[in-house]
2 protein chains.
Amino acid sequence: MTESIQRYHHGDLQATLLQAATQRLETHGIDGLSLRKLAEDLGVSRTAPYHHFKDKNALLSAIAAQGFAQWHDVAKQIFEQHEVPAAKRLRVFIKNYIGFAAANPQMYELMFGRTLWQQGAASEDLKNVAYPSFQYQVEMTRMWQQHELLPKEQDPVRLAQVTWGTLHGIARLLIDGIYADSSHIEEMCDCAAALFIQHKTDC
Amino acid sequence: MTESIQRYHHGDLQATLLQAATQRLETHGIDGLSLRKLAEDLGVSRTAPYHHFKDKNALLSAIAAQGFAQWHDVAKQIFEQHEVPAAKRLRVFIKNYIGFAAANPQMYELMFGRTLWQQGAASEDLKNVAYPSFQYQVEMTRMWQQHELLPKEQDPVRLAQVTWGTLHGIARLLIDGIYADSSHIEEMCDCAAALFIQHKTDC
DNA sequence: AAGGCTATGTTGACAGTGTCAAGATAATTA
DNA sequence: TAATTATCTTGACACTGTCAACATAGCCTT
């Protein structure tokens with residue numbers, strides 16, 4: 001039988017759903033992602049997805065989890081280039097963080113927005129993927145402190161929250177189109193780096 | 001006739017709607033704010049609000065506009081206390097910014113979140129209220145640069161975007177409950193101030 | 001191989017949403 | 001007083017997520 005013939009069982013609906021949903025997320029946004037439309041697109045009934053994801057939130061969490069894994073890979077790759085000077089790595093990290101957000105705005109919104117996190121409603125699964133990513137931020141901050149790029153006397157956790165907060169905030173302002181547009185990404189990143197980095201003559 | 005008697009015309013539905021909606025926003029969140037429920041609460045039919053607000057977005061924009069006015073007052077009051085040292089004012093400003101967000105999380109989300117701003121969908125009315133508030137941020141930044149609290153060589157606009165971004169980011173992390181909770185607000189503000197302010201011995 | 005269990009997919013239904021159209025009533029204006 | 005406008009009403013539509021009940025396919029055990 002050819003693949004075009006409609007079978008009762010889809011075969012791999014879970015993975016297909018996840019893939020289609022991820023795609024649709026970026027084009028239509030979180031609110032524009034409708035389970036029913038998604039099902040229709042895949043030629044499957046409205047409630048079929050519910051056999052693979054508890055509810056819409058579970059599907060969104062699964063998408064976000066992919067995003068976290070994806071980002072974590074990027075961060076790790078940058079951070080572990082030991083041959084590159086730490087200051088350079090910090091700058092590259094900043095640009096990649098903002099770049100990731102700007103390139104995948106809806107995914108970023110999903111990963112770090114209110115939809116999944118508001119009032120501690122995030123699922124355990126999501127937390128398990130996200131928290132290591134947060135921890136990694138602290139770890140990097142600690143290293144930058146050791147390299148005296150960031151003030152040594154500050155608590156690493158607080159400092160990570162503030163530096164990460166800065167990137168998060170810039171990303172949000174860009175994504176949401178609030179008093180910042182993507183044509184100035186480079187300059188904003190440079191400005192953020194300049195503000196962070198302890199003043200040395202060759203910065 | 002007493003006020004308890006149901007009249008065909010409400011009398012001041014526009015203002016009452018705005019007030020009730022603002023209240024309901026903080027308790028139920030943006031998505032939990034339903035025009036129908038709102039109308040029902042006010043003892044008026046489902047579609048009555050549409051004679052005073054074009055659609056849900058217009059109502060939300062009106063609420064946000066109030067928020068901007070409210071915040072602008074606070075910022076102005078802090079900024080214009082010329083007898084207070086600039087460094088102190090900067091610190092007070094930071095704490096008030098985060099404090100405002102923490103005290104009115106849903107309002108903050110509305111004012112600076114994707115709902116109203118995404119893909120440039122913000123109404124002209126909203127922009128007219130919001131942009132001066134953004135401009136004010138630049139103005140303050142410029143002053144802080146003159147006082148050498150922030151690096152003088154940076155472009156004021158970029159710097160404003162970055163410093164504001166920092167506060168925005170911290171606020172969002174707090175509000176959305178992402179790796180930060182309100183028990184550490186003070187410390188985070190202090191840490192942000194320390195990172196911003198050019199290093200002088202008495203900081 | 002037969003029978004039963006589980007995973008998966010289906011239709012029907014419900015409550016909820018924003019919003020439009022058409023008509024009713026009150027207030028204001030000419 | 002008559003006409004126009006502002007306001008409010010019911011009816012209707014399309015859309016959403018999600019539950020319950022039922023159907024089918026595939027696997028697993030006896």
Side-chain angles (χ1 to χ4, degrees), chain A residues 1-21 24-25 27-64 106 110 114-116 118 121 123, chain B residues 1-21 24-25 27-64 106 110 113-116 118 121-123:
Chain A
M1 74 178 84
T2 68
E3 298 188 33
S4 64
I5 290 188
Q6 283 215 357
R7 291 169 303 181
Y8 192 86
H9 282 74
H10 177 281
D12 197 6
L13 187 54
Q14 169 126 17
T16 312
L17 270 170
L18 197 53
Q19 189 184 336
R24 205 181 167 89
L25 168 72
T27 57
H28 292 73
I30 296 178
D31 293 332
L33 198 164
S34 147
L35 284 191
R36 295 175 95 115
K37 283 227 166 62
L38 206 60
E40 195 177 10
D41 278 6
L42 301 183
V44 96
S45 79
R46 303 153 257 148
T47 59
Y50 286 85
H51 290 273
H52 301 278
F53 299 97
K54 182 181 154 287
D55 53 21
K56 186 175 180 179
N57 232 276
L59 173 59
L60 291 175
S61 293
I63 300 175
Q106 303 291 347
L110 181 63
R114 84 185 130 99
T115 311
L116 295 179
Q118 68 186 348
S123 70
Chain B
M1 74 178 84
T2 69
E3 298 188 33
S4 63
I5 289 187
Q6 285 214 355
R7 291 169 302 184
Y8 193 86
H9 282 73
H10 178 281
D12 196 6
L13 187 53
Q14 170 128 16
T16 312
L17 269 170
L18 197 54
Q19 189 183 337
R24 205 182 167 87
L25 168 72
T27 57
H28 292 74
I30 297 177
D31 292 333
L33 198 163
S34 148
L35 284 191
R36 296 175 95 114
K37 283 229 166 64
L38 206 59
E40 195 178 9
D41 278 7
L42 300 184
V44 95
S45 79
R46 302 152 257 149
T47 60
Y50 285 86
H51 290 271
H52 302 277
F53 299 97
K54 181 182 153 287
D55 51 21
K56 186 175 180 179
N57 233 275
L59 174 57
L60 291 176
S61 292
I63 301 174
Q106 304 290 348
L110 182 63
R114 82 184 132 100
T115 311
L116 296 179
Q118 67 186 348
S123 71

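Throughout, a chain's letter reflects where its sequence line sits, starting with A, and its residues are numbered from 1.
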Response to the item:
Taken to the nearest whole Å, OH/A/Tyr50 to P/D/dT16 is 11 Å
Could you list the donor-acceptor pairs under 3.5 angstrom formed between side-chain atoms of residues 49-63 of chain A and any protein atom two or more places apart in sequence or on another chain?
| unit_1 | atom_1 | unit_2 | atom_2 | d |
| --- | --- | --- | --- | --- |
| A/Asp55 | OD1 | A/Asn57 | N | 3.2 |
| A/Asp55 | OD1 | A/Ala58 | N | 3.0 |
| A/Lys56 | NZ | A/Leu33 | O | 2.9 |
| A/Ser61 | OG | A/Asn57 | O | 2.9 |

Worksheet entry | N or O in side chain of A/His52 less than 4.0 angstrom from C/dG9 OP1/OP2 | yes
Worksheet, complete the sentence: CG of A/Asp31 to CG of B/Asp31, rounded to nearest 0.5 Å, is 6.5 Å
Fill in: Atom-pair distance (NZ on A/Lys56; C1' on D/dC19), nearest Å
17 Å
Worksheet entry | OG1 on A/Thr16 to CD on A/Gln14, rounded to 0.5 Å | 9.5 Å
Worksheet item: Taking atom P of C/dT10 as reference, at what distance in whole Å does atom CG of A/Leu13 sit?
Response: 9 Å
Response to the item:
Nearest heavy-atom contact between A/Gln106 and A/Gly29 is OE1-CA, 3.3 Å
Discussion item. What is the separation between atom CG on B/Leu59 and atom P on C/dT17, rounded to the nearest whole Å?
Written reply: 14 Å
Discussion item. Using every non-hydrogen atom in the two residues, find where B/Arg114 and A/Thr115 come nearest and quote the distance to one decimal.
Written reply: NH2-OG1, 3.0 Å
Practice prompt. Mind calculating the distance between CG (A/Leu17) and P (C/dT8) to the nearest angstrom?
Written response: 12 Å
Discussion item. Holding to salt bridge (charged side-chain N to carboxylate O under 4.0 Å, His left out), I want the full list of residues that pass it with A/Asp41, two or more places apart in sequence or in another chain.
Written reply: A/Arg24
Worksheet, complete the sentence: Between the CD atom in B/Gln19 and the CG atom in B/Asp12, the distance rounded to the nearest 0.5 Å is 9.5 Å
Worksheet entry | Check: C/dG12 base within 3.5 Å donor-acceptor of A/Arg46 side chain | yes
Discussion item. Looking at B/His51, I'd like to know whether one of its side-chain N or O atoms comes within less than 4.0 Å of OP1 or OP2 on D/dT5.
Written reply: no
Fill in: Integer-rounded Å distance: C/dG18 P and B/Lys54 NZ
14 Å
Fill in: A/Gln14 CD to C/dG9 P, straight-line distance once rounded to whole Å
10 Å
Discussion item. Among residues 29-38 of chain A, which ones have heavy-atom contacts with DNA chain C below 4.0 Å?
Written reply: A/Arg36
Worksheet item: Could you give the CZ-to-P distance, from B/Phe53 to D/dC8, as a whole number of Å?
Response: 12 Å
